[in-house]
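Working notes for the structure below.
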Amino acid sequence: MPRSKKQVTTKKKYAEKAVKDGQATGGQPVKRSASSKTPQLLRGFKDVLPIDQKYWDLIESRAKNLAIGFGYGRIRLPILEETQLFSRSVGKDTDIVQKEMFSFVDAGGDNVSARPEATASIARAYNEHGMINWSQPVKLFYFGPMFRREKPQSGRQRQFYQLGFEALGSAEPVIDAQLIAIFNKFLTQLGLGELVTIQVNSIGCVTCRAEYKQELVNYFKPKRKLLCEDCKKRLIKNPLRILDCKEASCQSILGEAPQILDWLDDECKDHFMKVIEQLDQLEISYNLNPYLVRGLDYYTKTVFEIWPKEKLGSQTALGGGGRYDGLVELLGGRPTPSAGFSVGIERVINLLKEKNIEIEEKNVPQVFLAQIGSQAKTKAMKLLELLQDEGIVVAESFAKDSLKAQLELSNKLKAKYTLILGQKEVLDGTILIREMEGGVQEIIDYKKAVDDLKRKLSMT
Ligand code: HAM
């Protein structure tokens with residue numbers, strides 16, 4: 001087929017450019033292959049750099065202490081699970097399952113998903129390990145990454161971390177109240193107690209909710225035109241979710257909507273009243289929120305979320321949870337009333353940062369070890385290990401030769417003492433010790449350096 005003049009010139013241009021770029025390829029344009037591009041993070045994924053580690057360490061250690069205090073044993077769950085675990089438990093019509101899962105068919109032909117949350121895995125593990133035979137309730141604690149392919153924005157990522165507390169095998173309202181109390185205590189210990197509100201509601205059991213759903217459909221149907229496109233679908237599939245739609249037009253017609261509390265049957269009402277009474281007894285303030293319904297299908301009775309008082313970006317909840325009395329049975333186990341909650345770690349960290357809450361730096365070095373000259377460097381490397389073996393937190397910068405630069409770094413790291421080892425000290429068998437705040441220096445016997453330092457640091 002004859003080629004047009006334009007095609008020929010374009011090709012020539014590419015060829016000339018390729019030759020110019022040193023990539024002559026017989027006239028073919030050279031495209032930078034994907035593998036030679038500088039790799040970048042996937043959208044919605046983040047690296048956690050050392051500077052932020054203090055937040056993660058603090059949150060994890062506080063949560064671990066609460067878990068120990070309240071008798072929750074740590075469980076580590078896999079990141080990949082069968083896809084059907086989530087479609088059956090979280091719900092096949094929920095946003096999470098419909099739009100947000102990272103799912104794929106693996107090389108063996110299995111449908112698997114990166115977990116979007118952990119409660120489903122908890123219920124699976126409960127059945128799989130025969131936890132029904134353990135002392136009830138079985139109390140479990142977890143901490144780890146979850147994956148949802150949502151539109152990334154402030155406070156919303158595609159990989160995010162949750163910590164969670166789950167109590168399986170008790171229908172007692174005291175469990176619900178205690179979970180809310182643990183969540184509240186966790187935030188209070190982080191200095192966020194005054195900055196958040198606890199939202200509580202009950203969405204009843206399957207029976208009373210069915211009647212309420214019908215009532216909602218009767219209410220919204222004549223106002224269908226005012227609903228957003230998503231809520232028009234929700235009207236058929238899950239009318240409850242219309243209640244927590246963020247669209248202004250949907251919110252504008254909520255005012256007169258029937259409220260679930262009026263539709264709870266006696267058992268659900270009694271359960272909810274007891275949860276509320278327990279919270280009152282514990283002097284925990286909360287807001288009864290009739291529009292709180294949560295976005296996962298497994299909930300029954302109590303649901304709750306904790307929000308910052310001042311909204312952070314478009315995301316609200318720091319965490320949420322509730323009762324899921326039917327989940328273990330739905331996944332093939334025996335009836336096992338259960339409840340739990342999880343907290344979004346990044347959202348808590350965002351709030352800590354936003355409110356400038358001081359976090360104690362854990363890894364502040366007690367001592368900085370400075371050296372000048374190659375012999376001193378070698379000796380300092382040995383001394384570093386001796387100090388570490390005694391449990392002293394030491395910093396160094398063996399890659400630097402200038403004493404000035406090393407002292408600057410010691411100051412920056414807020415080390416209490418700096419040990420200085422130079423050529424002269426190596427020959428004399430001594431070492432210089434400098435108290436950083438006052439700048440007082442003394443020369444001590446090298447062999448006594450470790451013991452002297454321990455005394456100074458009150459470690460003996
Ligand atoms: P959830 O409300 O879907 O509940 O998630 C809990 C928390 O995880 C949210 O409040 C939020 O802080 C955080 N989170 C969720 N999605 C994202 C995201 N894309 N980016 C950042 N943070 C996010 C559950 O997952 C239930 N499993 C909670 C539960 C435990 N219910 C009973 N037990």
Side-chain angles (χ1 to χ4, degrees), residues 42-46 48 59 63 72 75 77 81 85-86 89-91 94-97 99-102 114-126 137-168 175-176 178-180 182-183 186-187 192 196-199 201 203 241 244 292-308 311-328 336-352:
L42 291 171
R43 258 191 97 208
F45 286 70
K46 277 191 179 162
V48 179
I59 287 175
Y72 283 70
I75 182 165
L77 300 154
E81 295 267 13
L85 170 66
F86 303 112
S89 52
V90 174
T94 55
D95 284 353
I96 294 180
V97 170
K99 309 186 230 170
E100 296 168 4
M101 290 214 291
F102 285 91
R115 59 181 186 193
E117 60 106 52
T119 312
S121 306
I122 288 278
R124 175 203 46 72
Y126 184 89
V138 174
K139 295 175 170 182
L140 300 169
F141 159 70
Y142 54 86
F143 188 105
M146 309 292 155
F147 303 83
R148 295 185 194 174
R149 208 179 180 288
E150 294 187 77
K151 194 163 169 234
Q153 49 183 251
S154 159
R156 199 202 272 163
Q157 295 169 207
R158 290 182 170 175
Q159 177 179 326
F160 57 97
Y161 279 71
Q162 283 185 346
L163 65 86
F165 285 72
E166 313 277 354
L168 299 99
I175 296 287
D176 314 28
Q178 196 183 45
L179 284 162
I180 295 172
I182 296 172
F183 192 174
F186 168 72
L187 294 174
L192 298 174
V196 298
T197 64
I198 301 174
Q199 308 289 317
N201 192 20
I203 54 167
R241 293 287 337 248
D244 73 350
L292 186 73
V293 291
R294 311 269 302 131
L296 304 96
D297 278 0
Y298 49 63
Y299 290 113
T300 50
K301 296 183 177 165
T302 319
V303 288
F304 56 90
E305 285 184 355
I306 298 194
W307 300 349
K311 216 172 159 202
L312 285 178
S314 59
Q315 299 310 308
T316 42
L318 296 173
R323 190 155 268 291
Y324 47 96
D325 288 347
L327 182 57
V328 171
T336 307
S338 308
F341 72 87
S342 39
V343 185
I345 307 298
E346 288 84 352
R347 291 193 191 172
V348 172
I349 293 178
N350 286 349
L351 189 59
L352 288 169

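What's counted below: heavy atoms across the whole structure, side chains too, no hydrogens, waters or symmetry copies. Just follow the structure's listing: the first ligand is 1, and inside any ligand the first atom is 1.
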Considering non-hydrogen atoms of the protein only, which is the closest contact for atom 31 (N) of ligand 1, and what is the distance? Tyr299 OH, 2.6 Å

Taking atom 26 (C) of ligand 1 as the reference point, the nearest protein heavy atom with its distance: Tyr298 OH, 3.4 Å

Should you measure from each heavy atom of Glu166, which atoms of ligand 1 turn up under 4.0 Å away? 30 (C), 32 (C), 33 (N)

Does Ala317 reach ligand 1 with a nitrogen or oxygen that is under 3.5 Å from one of the ligand's nitrogen or oxygen atoms? yes

Tell me the protein heavy atom at minimum distance from atom 12 (O) of ligand 1, and give that distance in Å. Leu318 O, 3.0 Å

So for ligand 1, is Tyr142 a polar contact partner (N or O within less than 3.5 Å, distance only)? no

Residues in side-chain hydrogen bond (donor to acceptor under 3.5 Å, both in side chains) contact with Arg158, at least two apart in sequence or another chain: none

Would you say Tyr324 and ligand 1 have an N/O pair spaced under 3.5 Å apart? no

Out of Arg158, Met146, Gln162, Arg347, whose heavy atom sits nearest atom 7 (C) of ligand 1? Gln162

Where ligand 1 meets Glu117 - atom numbers and elements under 4.0 angstrom, heavy-atom basis: 25 (O), 26 (C), 27 (N)

Nearest-neighbour protein heavy atom for atom 14 (N) of ligand 1, which is reported as residue plus atom name and distance: Phe160 CE1, 3.4 Å

May I ask you to check if ligand 1 and Arg156 share an N or O to N or O distance below 3.5 Å? no

Any non-hydrogen side-chain atom of Phe86 less than 4.5 Å from a side-chain atom of Arg115? yes

Those residues at least two apart in sequence (or on a different chain) that pass side-chain hydrogen bond (donor to acceptor under 3.5 Å, both in side chains) with Glu346 are none

Nearest to atom 10 (O) of ligand 1 by heavy atom, Ser342, Gly319, Gly155: which? Gly319

Option set Arg148, Arg323, Lys151, Glu150, criterion heavy-atom distance to atom 19 (N) of ligand 1, minimum: Glu150

Give a yes or no on whether the ring-centroid distance for Phe141 and Tyr72 is below 6.0 angstrom. no

How far is atom 20 (N) of ligand 1 from its nearest protein heavy atom, and which residue and atom is that? Gln157 N, 3.0 Å

Of all protein heavy atoms, the one nearest atom 32 (C) of ligand 1 is Gly340 O, 3.2 Å

